[in-house]
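Before any comments, here is the structure.
Below, chain A is the first sequence line, B the second, and so on; all start at residue 1. As the structure is a computational prediction, the values presented were derived from the model and not from experiment.
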Protein chains: 2
Amino acid sequence: MTVTLADVAARAQVSPATVSRVLNGNYPVAASTRERVLKAVDDLDYVLNGPASALAAATSDLVGILVNDIADPFFGIMAGAIQSEIGGPGGRAGGERLAVVCNTGGSPERELTYLTLLQRQRAAAVVLTGGAMEDAAHQAAVAVKLRKLAEAGTRVVLCGRPPAPDTGAIALTFDNRGGGRELTDHLIGLGHRRLGYIAGPQERTTTRHRLEGHRAALAAHGIEEDPRWAVHGRYDRQSGYEATLELLRRDPSLTAVVAANDSVALGACAALRDSGLRIPDDVSVAGFDDLPFSIDAVPALTTVRLPLAEAGARAGRIAMGREEAPPGGIATVRGELMVRGSSGGPRE
Amino acid sequence: MTVTLADVAARAQVSPATVSRVLNGNYPVAASTRERVLKAVDDLDYVLNGPASALAAATSDLVGILVNDIADPFFGIMAGAIQSEIGGPGGRAGGERLAVVCNTGGSPERELTYLTLLQRQRAAAVVLTGGAMEDAAHQAAVAVKLRKLAEAGTRVVLCGRPPAPDTGAIALTFDNRGGGRELTDHLIGLGHRRLGYIAGPQERTTTRHRLEGHRAALAAHGIEEDPRWAVHGRYDRQSGYEATLELLRRDPSLTAVVAANDSVALGACAALRDSGLRIPDDVSVAGFDDLPFSIDAVPALTTVRLPLAEAGARAGRIAMGREEAPPGGIATVRGELMVRGSSGGPRE
DNA sequence: TGCGGTACAGCAAGCGCTTTCTATGCAGTA
DNA sequence: TACTGCATAGAAAGCGCTTGCTGTACCGCA
């Protein structure tokens, strides 16, 4: 049937132990022997049995990356950066690792199940990306899992996600609150006083933090927020489109719309245009994240750039133990305000 | 240390065999015993050892999805659809599977390494998405691997990728040639005679097929292509921007630019605008794929819609054996021309 | 010449699970 | 009462690999 270590050993006239050592390169083997073994491996097209190896060595070369929505470039960019550092194939260092990304679709159950699955596989490391759900029970369940993983020797890193106290997880957190505040500060600075806000899904840390930043800016400038000015939706374009129409219906006098992210902002732009409003002359629009397409919006989107690739790369290195964890196990990654054409002074 | 099957067995006062049977549910176990076992599992927080299980059962619950660029929604959308059908957690059927996506970054070596890694893990199925590299040696190497995988019982499905003859792989192929042809037909129909083409990376089936479709349309209308009209680049926005400037430099009289995909088209739009040209009044632009953001371009992008999610879902079902393979193991998935604002008649 | 040291190579004991085969108990049947 | 058959449960043999420990040469040095 399939070729085993023993087959290779037989062909190379050595013991299985020697073959294993040649393959792992962690024990001295005479050059001539090594060559003989390698030749046999090649001749037989031998492929190591991963599960058997993992079982015997009590380690695995699997690294899991959890994302909320794999179809969203926000996660894709981070995942790509993480994966490239994990070394996967082609990465610089060490044994080859299977860096795999798992799509939770924003579902708490799936998140938990994936964690269990990775725990089952005795993953070498796990990176969780993006905002967390705020349901208390779920958070507790995740915390327990993370602690278990850490105890079992799996390195756990959070990238773009708030810290999980007492779990041993390293956190690279995005300063969503600060970014949101800066963005709204900018709009207020331009003279806006009536700002709509399209928030992301309820019960998500990212959603809440960005909204809090927005409100902090309003408060700092003594602007009282009208409850009609905030709408919740999903993190996608269509949601932005619908929410904007709703906002316009509720209060046509709005002069600016702040969106939870760039995709939502794009939908907002479309809705405004379809409503016969010019950007930014009639209404200013702002996004968040600065995804690649945002600069191509017309006008180009004012937004907050998050260093997704850099943060992902760093998370990947930390997960691989190739970079030291930040002091206290927590680092805050700041965004950068990108002022572009979609924001301008309010109409008269 | 970690809890094992034996620990659970001891606590439930049964043999390890019984615990295994309860967990796998493939053998009659008295209800009372089952409950006792389940309780013990719960009490001890037992988590199955994946590698051990895979070794003993000679099967694995891993399913691999290979993508060329995880940061590109083109792949993200397909991967998400595949994964949701694989069942991963939350999926409808059967035992939980770990659907993992692997990012090759378009590198042949990484593609091969990932295949080996998945082979090593004795993956239950593998789905390869997107265009293939056209290097003969590489294609042969991949073919060999795919055959090996198939022989070892791994189901192999190609999604949006040309068939791989004699490998036993099921192929769901996109009709890139037909789509490209239809798109250019449309532009020619509008009156264009001088069309620039921004192709994707060399040596990629997708690149070649789309370009062939374009040329077939030109030929069908008796238009002789000027060699200056085609430029190769990457599948991203920046590449589209640069290529468009180059195209404009080579021949300012072009009245239309056809891009290899939507991201490239977006870059093209930006370059045209920055060059003081209006779309579509001065130059028409067309993309390919119809990614979500394409409709938000200004003007909205004329493009070819590929049913990425549908194809992915189908590939996922086939990989899980939940849907029958198409006759002959090959199915062609057609695109649909989406005529929007970015294309219009040529300027005088 | 003899002995410690070094450099390899092999033996064999698991790693934690699955599964075949073999009990065992008890109900049903003759 | 004796026997067959079914429903469960357990014993034990691996699955293919890693690794601690045990040789066995052979070298250098005293």
Side-chain angles (χ1 to χ4, degrees), chain A residues 1-38 40-41 44-62 95-96 117 119-124 152-153, chain B residues 1-38 40-41 44-62 95-96 117 119-124 152-153:
Chain A
M1 253 273 355
T2 32
V3 183
T4 72
L5 236 209
D7 299 331
V8 176
R11 183 168 237 266
Q13 317 237 50
V14 296
S15 72
T18 301
V19 177
S20 170
R21 298 204 256 248
V22 168
L23 261 25
N24 290 299
N26 51 9
Y27 196 85
V29 173
S32 64
T33 313
R34 177 197 320 288
E35 255 172 56
R36 209 147 24 94
V37 170
L38 256 18
V41 166
L44 299 176
D45 265 331
Y46 171 68
V47 175
L48 187 71
N49 182 317
S53 167
L55 172 57
T59 63
S60 140
D61 51 6
L62 212 71
E96 270 148 8
L117 246 26
Q119 184 182 5
R120 216 175 252 192
Q121 301 299 328
R122 308 300 191 245
Chain B
M1 253 255 15
T2 31
V3 183
T4 72
L5 235 210
D7 299 332
V8 176
R11 182 167 237 268
Q13 317 237 52
V14 296
S15 72
T18 301
V19 177
S20 170
R21 297 203 258 248
V22 168
L23 261 24
N24 291 300
N26 51 9
Y27 194 87
V29 172
S32 64
T33 313
R34 177 197 319 288
E35 255 173 55
R36 209 145 27 93
V37 169
L38 257 17
V41 166
L44 299 176
D45 264 331
Y46 170 68
V47 175
L48 188 72
N49 183 316
S53 165
L55 172 58
T59 63
S60 141
D61 52 5
L62 212 72
E96 271 148 8
L117 246 28
Q119 185 182 3
R120 214 175 254 192
Q121 301 299 330
R122 308 299 191 248

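Recorded end-axis angle for the helix from C/dT1-D/dA30 to C/dA30-D/dT1 stands at 50°, based on five pairs per end and rounded to 10 degrees.
Atoms CD and OG1, on B/Q119 and A/T2 in that order, are 10.0 Å from each other to the nearest 0.5 Å. Here the CZ-OG distance, from B/R122 to B/S60, works out to 10.0 Å after rounding to the nearest 0.5 Å.
Partners of B/R11 by salt bridge (Lys or Arg N to Asp or Glu O under 4.0 Å), not counting sequence neighbours, listed by chain and number: B/D43. With sequence neighbours left out, B/T18 forms a side-chain hydrogen bond (donor to acceptor under 3.5 Å, both in side chains) with B/S15.
Interface limits on DNA chain C: the 5'-most and 3'-most nucleotides within less than 4.0 Å of chain A heavy atoms are C/dC8 to C/dG16.
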Below 3.5 Å between N/O atoms, which protein atoms pair up with nucleotides 6-8 of chain D? Just atom names and distances, please.
none

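A heavy atom closer than 4.0 Å to some atom of DNA chain C occurs in B/A17, these being the qualifying members of residues 8-19 of chain B.
Minimum heavy-atom separation, B/V8 to B/V3: CG2-CG1, 4.2 Å.
Atom-to-atom, CG of B/L55 to P of D/dA13 comes out at 17 Å; the value is rounded to the nearest Å.
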Using a 3.5 Å cut-off and no angle test, enumerate the donor-acceptor pairs between side-chain atoms of residues 26-36 of chain A and protein atoms at least two apart in sequence or in another chain.
residue: A/R34; atom: NH2; partner: A/V29; partner atom: O; Å: 3.2
residue: A/R36; atom: NH1; partner: A/A12; partner atom: O; Å: 2.5

Name each donor-acceptor pair under 3.5 Å that joins a side chain in residues 44-59 of chain B to protein atoms two or more places apart or in another chain, with its distance.
residue: B/D45; atom: OD2; partner: A/K148; partner atom: NZ; Å: 2.9
residue: B/N49; atom: OD1; partner: B/A52; partner atom: N; Å: 3.0

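Legend: salt bridge (Lys or Arg N to Asp or Glu O under 4.0 Å) pairs involving residues 17-27 of chain A, not counting sequence neighbours: none detected.
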I would like to know whether B/L23 and B/V41 meet side-chain contact (heavy atoms from CB on, under 4.5 Å); could you show each step before the answer?
-> CA-CA 9 Å; B/L23 261 24; B/V41 166; 4.2 Å; yes
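Heavy atoms of B/D7 sit nowhere under 4.0 angstrom from any nucleic acid atom.
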